[in-house]
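Take a look at the structure below.
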Amino acid sequence: MRLQISCCPLGWIDKYLYDMRLSEETLQEVSQRFGKEMEKGLGADTNPTASVKMLPTFVRSTPDGTEDGDFLALDLGGTNFRVLRVKVSDNGLQKVEMENQIYAIPEELMRGSGVQLFDHIAECLANFLDKLNIKDKKLPLGFTFSFPCHQTKLDESILVTWTKGFKCSSVEGKDVVSMLRKSIKKRGDFDIDIVAVVNDTVGTMMTCGYDDHNCEVGLIVGTGTNACYMEEMRHIDLVEGDEGRMCINMEWGAFGDDGVLKDIRTEFDHEIDMGSLNPGKQLFEKMISGMYMGELVRLILVKMAKEGLLFGGRLTPDLLTTGHFETRYISAIEKEKEGLQKAHEILTKLGLEPSHEDCVATLRICQIVSTRSANLCGATLAAVLRRIKDNKGVERLRSTVGVDGSVYKKHPHFARRLHKTVRKLLPDCEIRFVRSEDGSGKGAAMVTAVAYRLAAQHKARQKILEALKLSHEQLLEVKQRMRIEMEKGLGKETHAEAAVKMLPTYVCSTPDGTEKGDFLALDLGGTNFRVLLVRVRNGMRRGVEMHNKIYSIPVEIMQGTGEELFDHIVHCISDFLEYMGMKGVSLPLGFTFSFPCQQTSLDEGILLKWTKGFKATGCEGEDVVNLLKEAIHRREEFDLDVVAVVNDTVGTMMTCGYEDPYCEVGLIVGTGSNACYMEEMRNVELVEGEEGRMCINMEWGAFGDNGCLDDIRTEFDLAVDELSLNPGKQRFEKMISGMYLGEIVRNILIDFTKRGLLFRGRISERLKTRGIFETKFLSQIESDCLALLQVRSILQHLGLESTCDDSIIVKEVCAVVARRAAQLCGAGMAAVVDKIRENRGLDFLKVTVGVDGTLYKLHPHFSTVMHETVKQLSPKCEVTFLQSEDGSGKGAALITAVACRIREAGQR
């Protein structure tokens with residue numbers, strides 16, 4: 001019987017160990033379960049009860065190859081510890097030189113007091129620095145401390161429990177970095193800067209990350225097992241902040257401690273666990289790591305021998321002794337050529353007399369145990385990679401895993417089997433595995449090198465951005481200067497050389513709600529123009545009803561003669577009246593004409609110069625109302641009463657004035673920027689009369705054209721101005737309006753990249769292209785709900801290959817530029833409302849500003865920052881901001897309605 005079974009075919013063993021052979025479906029299931037455990041560990045509410053702890057490491061970036069400097073590393077994780085000096089140089093060659101020394105920790109120190117242990121470490125450090133003659137240098141140090149810790153900062157790590165035979169008193173519950181610092185300080189013969197404390201898994205990822213920038217996972221399969229990976233900050237509930245990524249030390253050995261693996265754990269796994277130092281803990285580690293693999297094989301051999309299936313039913317004391325079948329034996333037995341011979345030697349050493357069949361069976365058992373280990377490891381790793389893929393939102397993930405550990409490195413087939421499982425479970429990913437050479441020590445130095453690089457780059461960037469950050473004092477100064485320029489523009493003597501022109505609009509009243517009637521409005525300010533019919537009702541049914549039609553202006557007409565242009569406009573009005581069934585009706589008309597004009601009355605506007613691509617001849621220096629009236633007469637079809645010509649800012653104020661009687665200011669912050677407000681007639685020296693008020697079109701975009709803002713203009717403002725269509729002109733507008741903010745950002749990004757502070761120092765051709773960074777991107781990038789992932793896709797669209805860190809930097813630049821724009825706009829507005837308050841001799845003013853423009857309406861933070869600034873700079877004013885809906889067209893009709901109301905009142 002026995003003989004018969006000893007000759008059994010291997011299939012019988014496969015059946016016997018059926019529960020250890022996991023199908024692809026089971027592995028897929030394990031992978032999904034692990035994904036759920038990761039979620040639990042990351043969530044603030046679920047973390048306390050999660051078995052996979054997902055610990056934040058405060059390592060926020062992997063190496064990018066530009067690290068540079070001289071670093072020390074301390075690697076403590078067993079009875080010996082190492083001190084290393086790591087020189088990293090980036091002269092385009094990416095070189096790492098290392099020197100190290102191993103020091104022993106005497107047994108009595110492992111069980112002594114914590115102070116003695118750290119004093120010993122400090123002494124060994126001093127010895128190492130002496131040997132290399134570098135005691136006088138204050139070098140940065142990275143500390144690999146491979147014990148369970150709770151980390152609160154990159155350089156603060158609280159020891160949870162000692163393992164690996166250490167039992168030093170008064171260390172658990174304390175920060176190991178402070179203890180080491182104290183021991184060094186006590187000596188007083190050298191000083192070092194402890195920058196980071198990491199565990200060996202993170203060290204492995206960082207070491208491999210230096211050579212392969214795609215490396216974002218670290219894996220160790222040796223005596224124990226663990227993994228770490230770069231997670232999006234927005235998913236890490238345990239740490240403040242949503243920007244960027246952070247490395248998570250998963251502590252995955254504890255997977256299954258809550259019972260989620262009970263259906264795949266075998267009787268052998270239970271037996272191993274019961275006999276271990278920590279029953280019920282690290283159950284996943286006990287199924288896959290080197291510390292337990294040999295023991296699993298031993299338990300199977302014992303059971304099969306007891307059942308008479310192996311060794312003729314014989315057992316020996318050695319085979320029955322825990323730990324006598326070492327994991328390295330599995331590697332030896334599974335070697336292709338000498339495997340069976342090794343099996344014979346090892347079994348003989350255990351006091352057995354194995355037959356050839358016994359050796360073949362033992363080989364098969366080793367294969368089953370090590371294959372299960374590799375498969376389970378592959379299943380959990382696949383869950384990690386799937387998570388990274390989902391985080392990035394890519395169809396196909398290209399990523400690298402840095403690996404260390406004796407099982408992975410020394411077992412002849414483990415690595416291949418692990419890779420195969422990952423490929424099977426993740427067919428849509430391209431995963432590369434890189435073996436870490438000297439992971440833990442070099443890795444700690446790398447973490448330190450990266451931390452140093454990030455700090456140095458951050459400092460350099462902040463220094464550049466400093467010029468764009470305005471203090472409260474600077475903003476007050478801008479407000480005061482705007483006030484001075486306003487006075488100059490209003491004064492008869494100073495108007496000619498004033499930068500802020502303060503043009504009278506002859507609009508002398510805002511709506512009072514009694515306006516009524518049908519009005520036409522014409523809105524011309526670009527390649528399209530609109531004709532509107534606006535019905536204004538008062539009394540119970542007070543409100544405004546609008547009908548409009550958009551017409552285009554062909555380029556040949558924009559650049560033809562003035563007669564052709566205005567004939568085309570009148571042709572479109574005629575079409576509109578026919579469309580509305582109102583042919584032959586004479587209506588009052590308001591004309592929004594958004595080009596620089598000088599007004600001498602409400603219904604007369606002299607065109608100073610065409611802008612926005614218009615070049616129609618015979619118009620500049622002419623009254624545009626007259627040109628329109630002449631064209632109406634030429635057509636001889638209908639007559640219109642052109643009551644008012646206004647610009648879009650005034651239109652905005654009037655539209656909001658209809659909704660809110662306190663509205664006396666208009667502001668536009670869109671492609672361009674301008675403001676208007678109701679000024680006392682006595683201050684408007686360019687127009688006769690002292691009584692009442694008149695709306696002043698400030699044309700504030702030109703503020704600073706006389707050099708009064710030079711002290712706050714940066715090199716980036718100068719660059720944008722120089723390459724604009726109108727150098728030296730509209731300087732304030734170029735610092736605050738939508739047409740230019742994207743350009744300012746682009747110039748800063750180029751500067752950062754040239755200095756090696758962004759995009760790894762590589763400038764793409766796209767980034768050199770003027771105008772590619774549209775202002776709408778600023779609004780999108782700064783949108784709170786937008787993950788950095790989408791920021792990266794915007795940058796990708798611009799041809800910029802960016803890392804997560806790059807995206808954070810771009811977002812910060814956008815925020816700084818937009819914030820300055822909003823603050824400057826607020827400072828200008830504060831000057832306006834305070835002038836109205838002082839004009840009226842009030843201690844306190846309640847006023848409303850009507851606002852329009854895409855930057856104000858669409859940017860997620862612009863309006864908030866601007867409102868805050870006005871509040872800070874004009875504390876004696878209560879300013880309400882009202883968004884204008886369809887300001888320019890409706891506004892022109894309302895100005896006309898107000899003018900008609902006043903005209904009728906005068907005729908009574």
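Computed from a predicted structure; not experimentally measured. Computation of the quantities below employed the complete heavy-atom set of this structure, encompassing side-chain atoms and omitting hydrogens, waters and symmetry-equivalent molecules.
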- Message: Looking only at side-chain N and O atoms, does N706 offer a donor or acceptor that is under 3.5 Å from a partner on E485?
- Response: yes
- Lys/Arg N to Asp/Glu carboxylate O, R483 vs E838, below 4.0 Å: yes
- So, are D567 and R634 salt-bridged, with charged N and O less than 4.0 Å apart? yes
- Establish, for the pair K549 and Y579, whether the NZ or CZ atom is under 6.0 angstrom from the six-membered ring centre and no further than 45 degrees off its axis. yes
- Message: Do M482 and E487 have side chains that approach each other closer than 4.5 Å (heavy atoms only, starting at C-beta)?
- Response: no
- Item | Rounded distance (nearest 0.5 Å) linking atom OH of Y740 with atom CD of Q730 | 7.0 Å
- Can you find a heavy atom in the side chain of F732 that is under 4.5 Å from one in the side chain of S737? no
- Task: Establish, yes or no, whether the cationic atom of K583 lies under 6.0 Å from the six-membered ring centre of F638 and within 45° of the ring axis.
- Result: no
- If you measure from CE on M653 to CG on D648, what distance do you get to the nearest 0.5 Å? 12.5 Å
- Task: Quick one: pull up CD in E699 and NZ in K501 and give me the separation to the nearest 0.5 Å.
- Result: 10.5 Å
- Query: So which heavy atom on F703 is nearest to which on C708, and how close?
  - Reply: CE1-SG, 3.6 Å
- Task: To the nearest 0.5 Å, tell me how far L522 CG sits from F593 CZ.
- Result: 10.0 Å
- Task: Identify whether the distance between the nearest side-chain nitrogen and carboxylate oxygen of K729 and D705 falls below 4.0 Å.
- Result: no
